[in-house]
Structures are given as structure tokens and as C-alpha cells.
Amino acid sequence: MPGKRTDVISWDEFFMRVAVAASLRSKDPNTQVGACIADTNHRILSVGYNGTPSALNDDEFPWGTDEDPLHDKHNYVIHAEANAILNYRGSLKDMTGATVYVTLFPCHECAKTLVQAGIGEVVYLDDKYDGTEDNLISKNILQRCGIAYRQIALSE
Ligand SMILES: O=c1ccn([C@H]2C[C@H](O)[C@@H](COP(=O)(O)O)O2)c(=O)[nH]1
Ligand SMILES: [Zn+2]
């Protein structure tokens with residue numbers, strides 16, 4: 001009788017690949033972000049990516065940054081982590097202690113939202129804004145709230 005396959009991907013890699021797949025839906029030309037929330041039983045609770053509110057037509061949307069806040073994408077886009085929480089259809093109490101897998105280290109607004117949603121751990125791929133003011137605030141929030149964060153890399 002043949003033995004079982006053992007060279008399977010880890011749960012971390014599986015959930016991060018789901019987050020990466022979600023990021024491929026993003027219309028942002030500069031930064032595509034995906035998030036996948038998984039509970040302690042390895043069940044996916046929700047998935048999200050950065051995009052405009054669904055009632056805003058993202059084909060007509062100005063996807064650049066602009067001095068004029070009215071034309072700056074940052075003021076219109078819902079972040080991947082926020083969308084993952086908003087897309088969740090279960091009870092928030094079941095999100096307590098869950099892990100968010102996110103392709104980019106969360107901004108400080110997302111850090112606050114994740115804490116308030118009861119997320120217990122942040123696993124991220126990229127930290128391209130490492131050291132910026134927003135990034136330092138985000139890490140400060142997570143540390144002070146006792147939310148562990150760690151970076152992983154995906155195998156080729
Ligand atoms: O926590 C985060 C931080 C950022 N995003 C999204 C928001 C924007 O669509 C891009 C960032 O664009 P830049 O051109 O790199 O400033 O990433 C997110 O989803 N979650
Ligand atoms: Zn954010």
C-alpha cells in the first residue's frame with residue numbers, strides 16, 4: 001500500500017497563498033494586498049483585498065496618488081484587512097484569536113481594526129513600508145495590544 005504524501009505545504013503557506021490569490025483581484029496599479037483570516041482550527045473565516053467600495057465603479061476610478069485629496073486613491077480604497085473583516089459572515093466572537101495572513105504589513109488603521117476584531121496574530125509577507133511613521137505606529141499598536149506578528153516567505 002502506498003504511503004501518504006508528506007511534502008505538503010504548511011498551513012502558514014496555504015493561508016498565505018490564499019491571501020496572495022486574493023491580492024491578484026486588486027485593481028491598485030501600485031500595491032496589491034490580500035488578506036486571509038484563519039481560525040485556530042485551520043478554517044478560513046474570510047478573505048479580502050484592497051479595493052473601492054463595491055458601489056464605486058473601479059473602472060472610472062482614479063488609481064493614482066494626488067496632491068488633491070479628492071483625487072487620491074488612498075482616500076477611497078478599503079484596505080484588504082478591513083475588507084476581510086467586513087466580508088466575514090460569522091459571529092465576531094469566532095474571530096477571537098484568529099490569525100490574519102496578509103501580503104503587506106498592516107497599516108496603523110488596519111492594526112487598530114484587527115485588534116478590535118479580536119485577531120490574535122498577524123502573519124505577513126512583505127514589509128515595504130518598514131520604518132515609516134505609519135508602520136512604527138502600527139507595530140506599536142500591535143505590541144501594546146499583545147498581538148504577535150511574524151514574517152514568512154513562500155517557497156518557490
Ligand atoms: O494595511 C494596508 C495598507 C495598505 N493597503 C492598500 C491601500 C492601497 O490600495 C495600497 C497602498 O498603496 P501605495 O501606492 O503603496 O501607497 O495598499 C492595504 O490594503 N492594507
Ligand atoms: Zn490598512
Locate the shortest heavy-atom distance separating [X] from [Y]; write the atom from each residue and the value.
X: Leu125; Y: Ala153; value: CD2-CA, 4.3 Å
X: Met16; Y: Val123; value: CE-O, 3.5 Å
X: Ala82; Y: Cys110; value: N-SG, 4.5 Å
X: Val100; Y: Ala35; value: CG2-CB, 4.3 Å
X: Gly48; Y: Ala22; value: O-CB, 3.7 Å
X: Gly34; Y: Ser23; value: N-CB, 3.4 Å

First locate atom [atom1] of [X], then atom [atom2] of [Y], and finally report the distance between them rounded to the nearest 0.5 Å.
X: Leu114; Y: Ile85; atom1: CG; atom2: CD1; value: 4.5 Å
X: Asp127; Y: Leu104; atom1: CG; atom2: CG; value: 7.0 Å
X: Leu45; Y: Ile37; atom1: CG; atom2: CD1; value: 6.5 Å
X: Asp12; Y: Ile152; atom1: CG; atom2: CD1; value: 4.5 Å
X: Ile44; Y: Phe14; atom1: CD1; atom2: CZ; value: 4.5 Å
X: Ile9; Y: Leu154; atom1: CD1; atom2: CG; value: 8.5 Å

Check whether [X] and [Y] end up in the same hydrophobic cluster, where Ile, Leu, Val, Met, Phe, Trp and Tyr are linked by side-chain heavy atoms less than 4.5 Å apart.
X: Val33; Y: Ile119; answer: yes
X: Val102; Y: Val20; answer: no
X: Val47; Y: Tyr101; answer: yes
X: Phe15; Y: Ile147; answer: no
X: Leu92; Y: Val115; answer: yes

If a pair satisfies side chain to side chain donor-acceptor pair (under 3.5 Å) and one of its residues is in residues 78-95, list it, with sequence neighbours excluded.
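Checked against side chain to side chain donor-acceptor pair (under 3.5 Å) - neighbours excluded - no pair reaches residues 78-95.
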Taking the side chain as every heavy atom from C-beta outward, state whether [X] and [Y] have any atom pair closer than 4.5 Å.
X: His74; Y: Thr65; answer: yes
X: Tyr49; Y: Gln32; answer: no
X: Tyr76; Y: Leu70; answer: yes

Are any side-chain N or O atoms of [X] and backbone N or O atoms of [Y], one a donor and one an acceptor, separated by less than 3.5 Å?
X: Ser26; Y: Asn50; result: yes
X: Trp63; Y: Asp58; result: yes
X: Ser138; Y: Pro106; result: yes
X: Asn57; Y: Asp59; result: yes

According to the interplanar angle, ranging from 0 to 90°, do the rings of Trp11 and His42 count as parallel (below 30°), tilted (30 to 60°) or perpendicular (above 60°)?
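Trp11 vs His42 ring planes: parallel.
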What orientation do Tyr124 and Tyr149 show, parallel under 30°, tilted 30 to 60°, or perpendicular over 60°?
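Rings of Tyr124 and Tyr149: tilted, 30 to 60°.
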Any chance CD of Gln116 has more than 12 other-residue heavy atoms, nucleotides or ligands included, within less than 6.0 Å?
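Counting neighbours around CD of Gln116, 12 or fewer heavy atoms of other residues, nucleotides or ligands fall under 6.0 Å, so no.
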Counting only heavy atoms not in Arg144 (residues, nucleotides, ligands), do more than 12 fall under 6.0 Å from its CZ?
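No.
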Could you check Glu121 against Thr99 for side chain to side chain donor-acceptor pair (under 3.5 Å), going step by step and ending with a plain yes or no?
CA-CA 5 Å; Glu121 187 187 23; Thr99 299; 3.1 Å; yes
When you check the gap from the basic side-chain N to the acidic O, do Asp130 and Lys139 get nearer than 4.0 Å?
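Salt bridge present between Asp130 and Lys139.
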Quickly, which of Asp134, Asn140, Thr113, Asn135 forms a side-chain hydrogen bond (donor to acceptor under 3.5 Å, both in side chains) with His108? Name it, please.
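The single option meeting the side-chain hydrogen bond (donor to acceptor under 3.5 Å, both in side chains) with His108 is Asp134.
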With side chain to side chain contact (heavy atoms under 4.5 Å, CB included) as the criterion, how do Phe61 and Leu56 come out once you've worked through the C-alpha distance, each side chain's angles and the decisive distance to 0.1 Å?
CA-CA 8 Å; Phe61 195 71; Leu56 271 185; 4.0 Å; yes
